[in-house]
Amino acid sequence: KKRGETFFGYKDHVVICRKTKFVRDYEVSSDNVHDSRMAKRLAEKCDGNGEPMWLDAGYVGTDQDVLSAGMMPIICEKGYRWHPLTDEQKANNRSKSRERCLVEHTFGFMEQSMHGLIFRGVGIVRAKANIAMTNLVYNMCRLLQIKTYHSEFIMCK
């Protein structure tokens, strides 16, 4: 429940390649699981080596989980009632959001172009299969875009 309204569904938590916007790895959870509980799993799926990991405000408080997995957490700050963000915090969030928006582009493409927002199935097993196929088809579409418009990015790891 959020603000008295009940939500049902599943979430796709993804690890995105910054250079190519490919979905490198993902986790699926039911909608009632808070985003912060998935941060450690996502960080463990990355290579580590102190690389930065951009997270949105839903992952506040997961700094230690991400650090223990060898990643450097960069999390947008959020304001609270009677304690709004300062101008400096807003400027910091703006610079963090420039990098983090790559993930939002991925979800935007999945929702708008692929119509992947709605899943009318029952059960997490079916949802995981649907989300896996959505991520795979997204990567195929992204590869086609790269081959067509950005051929210098074809060789990535």
Side-chain angles (χ1 to χ4, degrees), residues 1-2 7-78 92-157:
K1 283 190 163 190
K2 291 182 184 176
F7 290 89
F8 300 98
Y10 303 95
K11 295 182 195 174
D12 184 11
H13 307 268
V14 297
V15 176
I16 301 286
C17 175
R18 282 179 55 203
K19 185 176 180 182
T20 60
K21 295 186 192 176
F22 282 130
V23 174
R24 291 175 47 198
D25 215 329
Y26 67 96
E27 280 286 329
V28 178
S29 69
S30 60
D31 202 30
N32 63 349
V33 175
H34 194 270
D35 291 344
S36 63
R37 297 182 76 199
M38 303 302 289
K40 187 170 186 174
R41 286 191 201 170
L42 291 174
E44 288 171 349
K45 291 181 176 225
C46 297
D47 297 334
N49 304 335
E51 288 182 32
M53 184 172 179
W54 282 271
L55 302 162
D56 68 5
Y59 292 92
V60 169
T62 61
D63 298 351
Q64 291 303 317
D65 292 337
V66 175
L67 283 170
S68 67
M71 302 290 289
M72 176 59 80
I74 300 174
I75 303 173
C76 290
E77 298 179 61
K78 62 182 184 179
N92 286 339
N93 278 355
R94 185 167 289 127
S95 66
K96 292 173 188 176
S97 295
R98 284 191 183 114
E99 292 290 332
R100 212 187 65 73
C101 73
L102 298 175
V103 176
E104 299 304 325
H105 291 169
T106 301
F107 285 121
F109 185 85
M110 285 180 187
E111 291 175 10
Q112 296 296 316
S113 299
M114 296 173 53
H115 305 288
L117 178 64
I118 297 176
F119 166 66
R120 298 196 189 280
V122 177
I124 191 127
V125 174
R126 289 184 179 124
K128 285 182 179 182
N130 185 348
I131 289 172
M133 292 304 291
T134 302
N135 290 338
L136 178 65
V137 171
Y138 165 77
N139 279 346
M140 289 177 180
C141 292
R142 183 67 189 143
L143 179 64
L144 185 61
Q145 288 176 344
I146 289 172
K147 280 183 86 171
T148 305
Y149 301 111
H150 306 284
S151 59
E152 68 272 10
F153 287 134
I154 289 180
M155 299 306 290
C156 179
K157 246 182 177 179

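Sequence positions, counted from 1, serve as the residue numbers for this chain.
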Give a yes or no on whether Gln145 atom CD has more than 12 heavy-atom contacts from other residues, nucleotides or ligands under 6.0 Å away. yes
About how many Å separate CE of Met71 and CG of Asp63, when rounded to the nearest 0.5 Å? 13.5 Å
Whether over 12 other heavy atoms sit under 6.0 Å from Lys128 NZ: no
I'd like to know if the side chain of Tyr59 pairs up with that of His34 as donor and acceptor (distance under 3.5 Å, no hydrogens or angles considered). no
Would you check if Leu42 and Met53 make a side-chain contact, meaning some heavy-atom pair closer than 4.5 Å? yes
Mind running side-chain contact (heavy atoms from CB on, under 4.5 Å) on Asn93 and Glu77 for me, showing each step along the way? CA-CA 7 Å; Asn93 278 355; Glu77 298 179 61; 3.9 Å; yes
Interatomic distance, CZ@Phe22 vs CG@Asn135, rounded to 0.5 Å, equals 13.0 Å
Does Met72 reach the side chain of Glu51, with side-chain heavy atoms less than 4.5 Å apart? no
Is the shortest side-chain heavy-atom distance between Met133 and Ile131 below 4.5 Å? no
Quick one, Asp31 and Tyr10 - any side-chain contact, counting heavy atoms below 4.5 Å? no
Exam field: side chain Lys96 to backbone Trp54, donor-acceptor pair closer than 3.5 Å: no
State, yes or no, whether a side-chain contact exists between Val60 and Ser36 at a heavy-atom distance under 4.5 Å. no
Got more than 12 heavy atoms from elsewhere within 6.0 Å of CZ, Arg100? yes
Please round to the nearest 0.5 Å and tell me the distance separating atom CD1 of Ile74 and atom OG of Ser97. 11.5 Å
Output all residues satisfying ring-ring contact (aromatic ring centres under 6.0 Å, His included) with Tyr138, sequence neighbours left out; order by chain, then residue number. Phe109
State the OG1-CZ distance between Thr20 and Arg142, to the nearest 0.5 angstrom. 7.0 Å
Does any part of the side chain of Thr134, heavy atoms only, come nearer than 4.5 Å to the side chain of Asp12, both counted from C-beta? no
Can any side-chain N or O of Asn139 pair as donor or acceptor with the backbone N or O of Val23 at less than 3.5 Å? yes
What's the separation between atom CG in Leu102 and atom OG1 in Thr106, rounded to the nearest 0.5 Å? 7.5 Å
Counting C-beta onward and ignoring hydrogens, is there a side-chain heavy-atom pair between Lys40 and Ser68 closer than 4.5 Å? yes
Validation row: Cys141, Ser113 side chains within 4.5 angstrom (heavy atoms): no
Full working for salt bridge (Lys or Arg N to Asp or Glu O under 4.0 Å) between Glu27 and Lys11: CA-CA 8 Å; Glu27 280 286 329; Lys11 295 182 195 174; over 6 Å; no
Working to the nearest 0.5 Å, report the span between CG of Asp25 and CZ of Arg41. 12.0 Å
How about CE on Met114, more than 12 heavy atoms from neighbouring residues, nucleotides or ligands closer than 6.0 Å, or not? yes
